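Because the structure is a prediction, the values reported are computed rather than measured. Below, chain A is the first sequence line, B the second, and so on; all start at residue 1.
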2 protein chains.
Amino acid sequence: MVSTPRNTRQRRAVAAILEDLDGFASAQEIHDLLRHRGESVGLSTVYRNLQALSDSAEIDALRNDDGETLYRQCSTGHHHHLVCRACGRTVEVAGPTVERWADSIAAEHGFVDVAHTLEIFGTCGNCAS
Amino acid sequence: MVSTPRNTRQRRAVAAILEDLDGFASAQEIHDLLRHRGESVGLSTVYRNLQALSDSAEIDALRNDDGETLYRQCSTGHHHHLVCRACGRTVEVAGPTVERWADSIAAEHGFVDVAHTLEIFGTCGNCAS
DNA sequence: CCCGCGGATGGGAACCATTGTCAAATTGAC
DNA sequence: GTCAATTTGACAATGGTTCCCATCCGCGGG
């Protein structure tokens with residue numbers, strides 16, 4: 001039924017970029033990086049592959065204040081992010097207490113199918129100076 | 001320097017709608033509601049007034065999964081939201097523990113000028129049935 | 001090694017929420 | 001009432017993202 005994705009040059013290139021990056025980056029930034037690397041990939045394809053990876057939970061996605069979607073290859077398991085607004089540098093943080101708190105609040109008010117978003121934004125030490 | 005905003009019909013109409021709504025609504029929804037109420041206001045003006053109110057912290061704004069900005073008149077003071085995906089119904093929740101946790105995590109990693117976003121999404125009891 | 005099917009690609013058009021533009025209307029101070 | 005300054009609104013423009021579709025190519029079968 002559900003066919004396995006094909007192993008194309010473009011898919012490999014996008015995955016390789018994500019391996020090398022350590023912070024969040026937008027689809028367009030990734031598209032530019034690929035071009036500068038000589039591994040040119042169509043913008044549509046970059047979007048498609050990022051979305052596919054995000055759907056299969058292989059990478060994390062979040063939206064910044066400007067409404068752009070940023071992507072990053074993260075460790076597996078549920079976690080949140082402390083992200084530098086300026087350079088994208090990211091620290092993964094776990095907050096087990098928060099998870100439980102959110103779920104209990106939601107249950108308390110009769111909400112089902114609950115999800116939550118939690119991101120911390122700031123300026124990292126390097127970028128502040 | 002900073003002049004007081006004028007008391008225009010349009011500004012009053014937007015404020016009145018926000019008084020009557022109890023959940024989050026998008027700029028376009030508010031624009032439609034105004035039209036149906038007979039208090040027609042230009043779309044640009046709706047956007048401008050909502051942004052102004054949001055900037056002066058008189059209303060809260062958040063982005064949903066589709067990237068739309070939603071607005072709501074909330075109680076003053078820092079709080080978070082439990083929002084129904086289907087109908088927009090909203091419960092304001094306070095999480096003092098979370099605030100402190102986020103700030104300390106950020107400080108621990110040398111981040112400054114820290115802010116955080118935390119929203120809980122779910123389907124409310126009414127919409128689930 | 002060659003074929004052929006169907007998923008993948010890419011370039012440009014289409015989308016859509018939001019913001020910019022600017023002439024005309026309105027507000028509020030005097 | 002007058003007048004300057006702010007606000008409005010119709011429309012154009014922006015920008016990130018998705019859609020479209022002819023072409024390409026990975027890959028299993030022969």
Side-chain angles (χ1 to χ4, degrees), chain A residues 1-18 24-56 58-72 83 85 88 119, chain B residues 1-18 24-56 58-72 83 85 88 119:
Chain A
M1 289 278 102
V2 202
S3 55
T4 317
R6 285 188 186 167
N7 179 24
T8 63
R9 173 182 68 79
Q10 293 85 342
R11 174 176 297 269
R12 270 179 273 120
V14 170
I17 282 277
L18 288 166
F24 278 89
S26 70
Q28 316 233 18
E29 284 171 346
I30 291 171
H31 177 248
D32 285 348
L33 289 170
L34 285 166
R35 166 170 302 171
H36 289 132
R37 204 180 256 208
E39 284 277 11
S40 197
V41 175
L43 183 56
S44 308
T45 304
V46 172
Y47 272 105
R48 267 189 307 249
N49 281 318
L50 288 173
Q51 196 148 54
L53 289 166
S54 174
D55 287 348
S56 63
E58 294 174 64
I59 62 177
D60 279 8
L62 64 81
R63 279 184 130 85
N64 69 6
D65 285 341
D66 300 340
E68 290 178 318
T69 304
L70 307 182
Y71 300 91
R72 178 174 188 259
V83 187
R85 284 192 199 84
E119 314 292 345
Chain B
M1 289 278 99
V2 199
S3 55
T4 316
R6 285 187 185 170
N7 179 26
T8 63
R9 173 183 69 79
Q10 293 85 344
R11 175 176 294 270
R12 269 179 273 122
V14 170
I17 282 277
L18 289 164
F24 277 88
S26 69
Q28 316 235 16
E29 284 170 345
I30 291 170
H31 177 249
D32 285 348
L33 289 170
L34 284 166
R35 168 171 300 171
H36 290 132
R37 201 179 256 209
E39 283 276 11
S40 197
V41 175
L43 184 56
S44 306
T45 303
V46 172
Y47 273 105
R48 268 189 304 247
N49 280 318
L50 288 173
Q51 196 147 55
L53 288 167
S54 174
D55 287 348
S56 63
E58 295 176 62
I59 62 176
D60 278 11
L62 64 81
R63 280 187 131 90
N64 69 6
D65 286 341
D66 300 340
E68 289 177 319
T69 304
L70 308 181
Y71 299 91
R72 177 174 188 261
V83 187
R85 282 191 201 85
E119 312 293 346

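Listed by chain and residue number, F121(A), T123(A), D113(B), A115(B) satisfy the side chain to side chain contact (heavy atoms under 4.5 Å, CB included) test with R85(A) (two or more places apart in sequence, or in another chain). In this structure F24(B) satisfies the ring pair (Phe, Tyr, Trp, His ring centres under 6.0 Å) test together with H81(B), sequence neighbours excluded. Residues forming a side chain to side chain contact (heavy atoms under 4.5 Å, CB included) with A61(B) (at least two apart in sequence, or on another chain): S54(B), T69(B), Y71(B). Judged as a side chain to side chain contact (heavy atoms under 4.5 Å, CB included), and not counting sequence neighbours, the contacts of R12(A) are N7(A), R9(A). Partners of R11(A) according to the salt bridge (Lys or Arg N to Asp or Glu O under 4.0 Å) rule, which considers only residues two or more places apart in sequence or in another chain, do not exist here. R37(A) pairs by the side chain to side chain donor-acceptor pair (under 3.5 Å) definition with D20(A), not counting sequence neighbours.
Counting non-hydrogen atoms under 4.0 angstrom, Q28(A) reaches a base of the nucleic acid. Among the protein residues, N64(A) comes within range of no part of the nucleic acid, since none of its heavy atoms lies under 4.0 Å from any strand. Residue S26(B) is out of contact with every strand shown, counting any heavy-atom pair closer than 4.0 Å.
Side-chain contact check for L53(B) versus L18(B): some heavy-atom pair is nearer than 4.5 Å.
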Reading nucleotides 24-30 of chain D from the 5' end, what letters show protein touch, with B for base, S for backbone sugar-phosphate only, - for no heavy atom under 4.0 Å? -BBS---

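Distance CG/L50(B) to CZ/R72(B): 14.5 Å, rounded to 0.5 Å. For the atom pair S56(A) OG and Q51(A) CD, the distance stands at 11.0 Å (nearest 0.5 Å).
Following rounding to the nearest Å, D66(B) (CG) and dG16(D) (P) show an atom-to-atom distance of 18 Å. Taking atom CG of residue L70(A) and atom P of nucleotide dG15(D), one finds them 17 Å apart after rounding to whole Å. Residue E68(A) contributes atom CD, which lies 17 Å from atom P of dT14(D) at whole-angstrom precision. The CG atom of N49(B) sits 9 Å away from the C1' atom of dT8(D) (whole-angstrom rounding).
Side chain of D66(B) to main chain of E68(B): no donor-acceptor pair is present (N/O by atom type, distance under 3.5 Å, no hydrogens or angles). Remark: side-chain polar atoms of R63(B) are paired, donor with acceptor, to backbone N or O of D65(A) under 3.5 angstrom.
Contacts between residues 40-47 of chain A and DNA chain C, counted as heavy-atom distances below 4.0 Å, involve V41(A), G42(A), S44(A), T45(A).
A nucleotide of DNA chain C counts as in contact with chain B when one of its atoms lies under 4.0 Å from a heavy atom; the first and last such, 5' to 3', are dA17(C) to dG28(C).
One end of the helix from dC1(C)-dG30(D) to dC30(C)-dG1(D) points its axis 30° away from the other end's axis, with each axis taken from 5 pairs and the angle rounded to 10°.
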Test log, rule side chain to side chain contact (heavy atoms under 4.5 Å, CB included), inputs L62(B) and V83(B): CA-CA 10 Å; L62(B) 64 81; V83(B) 187; 4.3 Å; yes

Under 3.5 Å, side-chain donor or acceptor atoms of residues 26-33 of chain A against the rest of the protein: list the pairs with distances, not counting sequence neighbours.
{"unit_1": "S26(A)", "atom_1": "OG", "unit_2": "E29(A)", "atom_2": "N", "d": "3.1"}
{"unit_1": "Q28(A)", "atom_1": "NE2", "unit_2": "Y47(A)", "atom_2": "OH", "d": "3.3"}
{"unit_1": "E29(A)", "atom_1": "OE1", "unit_2": "S26(A)", "atom_2": "N", "d": "3.0"}
{"unit_1": "H31(A)", "atom_1": "NE2", "unit_2": "V41(A)", "atom_2": "O", "d": "3.1"}

